[in-house]
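No experiment lies behind these values; they were computed from the predicted model shown. Computed over heavy atoms, backbone and side chain alike; hydrogens, waters and symmetry mates excluded. Here is the naming used below: chain letters follow the sequence lines, and residue numbers restart at 1 for every chain.
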Amino acid sequence: MDPDSMAFIFLQAFLINNLVLALFLGLCPFVGVSAKLETAFPMGLAVVCVMLVASLCAFGINILLVYFNIEYLRLICYIAVIASAVQLVEMTIKKFSPKLFRMLGIYLPLITTNCAILGMALFQTFDEYSITQSLAYSLGAGAGFMLALVLMAGLRERLELANVPDACTSAAIAMMLAGMLSMAFMGFAGLGG
Amino acid sequence: MVAPQKQFESPGFDTLKEGIWKDNPVFIMLLGLCPALAVSNTALNSLAMGLASTVVLLGSSLLISMMRNVIPKQVRIASYIIIIATFVTAVDYTIHALSLELYNALGAFIQLIVVNCMILGRCEAYASKNKVSTTMVNATGMGAGFTLALFMIGSIREILGFGTFFDIPLFGPDFQNWAIFILPPGGFIVLSLLLALFAFVEKRRAPAKTEKEGGHGS
């Protein structure tokens with residue numbers, strides 16, 4: 001497959017370099033929201049929306065920063081843009097689906113400090129993707145985050161019924177599960193071939 | 001054991017100790033997990049990451065604590081993020097200037113210190129409410145705890161994965177690299193085992209303590 005094609009970039013972000021399981025980004029919401037499937041899925045959707053908006057804005061801002069030769073302000077600009085994108089998505093969700101808004105609760109504003117989003121914006125800048133490639137990348141990254149979250153939630157719901165040792169309370173056993181999922185995702189490395 | 005410890009037990013020392021063990025940001029509060037796993041494949045990288053985060057934490061805590069009466073309540077989170085981002089940019093450029101090799105090994109994760117929830121959490125929960133001196137003690141403790149946690153994870157992964165410690169070979173030429181510990185799954189597994197260990201030790205200590213307070217033990 002052509003490494004610059006949109007399909008390849010999407011697959012790469014979605015499976016091969018999965019943000020959560022291969023690059024360790026966005027672990028806080030991954031551990032925090034993955035206890036139940038009914039919150040994990042909408043959370044994943046919200047992250048996909050923020051990713052798309054943030055990716056487009058980051059692309060535009062980077063052009064401006066390079067034009068004015070002030071790349072050292074990149075980090076500050078990106079984080080400000082992400083905070084506003086989160087606010088935007090929050091208002092949109094509140095307007096169109098109050099039910100979903102209530103379900104997500106505190107986790108919605110916390111997307112601002114989700115390192116998956118800033119990481120995605122930074123990687124897209126470092127790899128010098130064009131605007132369509134950036135879109136494919138952010139869509140893949142968001143979908144990958146959602147996939148990891150939903151898989152994990154499904155596993156943890158089954159884990160409720162299992163009998164785990166006392167010391168391995170929720171966090172330790174969740175990390176062990178993440179390790180196994182991550183091992184499974186290593187198998188996708190061959191896709192890049 | 002109790003007598004020599006007593007003379008250090010000023011409130012400052014207590015807050016310092018809290019950050020290192022009782023409220024350890026990584027093992028107890030589960031904050032800042034992303035950098036703790038992402039760059040901890042060798043002891044050196046994890047130590048550098050821990051120190052960089054500590055510097056950012058100290059700088060931003062100091063500034064926020066000094067400005068705590070100036071920043072309006074409504075925009076405090078945004079202000080904190082901007083302050084943190086400023087310090088991170090400074091640290092990023094410093095590491096770039098000092099050691100290009102380290103800069104390449106840590107990659108984008110230096111810039112991602114901005115979204116380390118450990119730092120924002122400390123600023124919001126402690127620096128915004130306390131005076132400068134106690135804030136600095138607390139930030140030092142938290143930073144030390146974070147660095148220690150990263151260093152533990154990094155050492156275990158390097159020793160098992162490469163058979164070395166700070167690039168010094170430990171096991172002789174016949175050692176087979178246990179590659180899984182260098183790869184992403186190893187990070188999760190090591191952290192999981194350490195979390196279980198911490199929980200186990202806490203569980204063992206808790207009943208022992210109550211017994212002591214009840215006057216049964218020595």
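Counting all heavy atoms, side chain and backbone alike, A:N17 lies closest to A:L23 at O-CD1, 3.8 Å. Pairing each heavy atom of A:L25 with each of A:G119, the nearest pair is CD1-CA, 4.2 Å.
The side-chain heavy atoms of B:Y93 and B:I110, taken from C-beta on, include no pair separated by under 4.5 Å.
For a residue to count as touching a neighbouring chain, one of its non-hydrogen atoms must lie under 4.5 Å from one of that chain's; by this rule A:Y78 does not touch chain B. Interface remark: B:L194 contributes no atoms to any contact with chain A (heavy atom separation under 4.5 Å). For chain A, the nearby part of B:I180 is the side chain; its heavy atoms alone come within less than 4.5 Å. There is no contact between A:F185 and chain B, counting heavy-atom distances below 4.5 Å. Both the backbone and the side chain of A:L118 have a heavy atom closer than 4.5 Å to some heavy atom of chain B. Only the side chain of A:M186 comes within contact range of chain B, with at least one heavy atom under 4.5 Å from a heavy atom of that chain. Within the 4.5 angstrom heavy-atom criterion, only side-chain atoms of A:L122, from C-beta onward, approach chain B.
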Going through the distances and angles, do B:F181 and B:I159 end up as a side-chain contact (heavy atoms from CB on, under 4.5 Å)? CA-CA 9 Å; B:F181 280 99; B:I159 290 171; over 6 Å; no
Under the criterion side-chain contact (heavy atoms from CB on, under 4.5 Å), I'd like the reasoning laid out for A:V47 against A:M120: C-alpha separation, chi angles, the key distance, then a yes or no. CA-CA 12 Å; A:V47 168; A:M120 180 276 305; over 6 Å; no
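For the set A:A174, A:A184, A:A116, A:A22, the count of heavy-atom pairs under 4.5 angstrom toward chain B peaks at A:A22. For chain A, the option among B:A36, B:P185, B:A85 with the highest count of heavy-atom pairs below 4.5 Å is B:P185. With respect to chain B, the highest number of heavy-atom pairs below 4.5 Å among A:A83, A:C115, A:A80 belongs to A:C115. With chain A as the partner, the residue from B:L195, B:I189, B:L33, B:L37 showing the most heavy-atom pairs under 4.5 Å is B:L37. Between chain A and the options B:A108, B:P35, B:C34, B:G187, heavy-atom pairs under 4.5 Å are most frequent for B:C34.
With B:T134 contributing its side chain and B:K131 its backbone, the two residues share a donor-acceptor pair below 3.5 Å.
Applying the 6.0 Å contact sphere to CZ of B:F200 captures no more than 12 heavy atoms from other residues, nucleotides or ligands.
Separation of the A:F30 and A:F145 ring centroids does not fall under the 6.0 Å cut-off.
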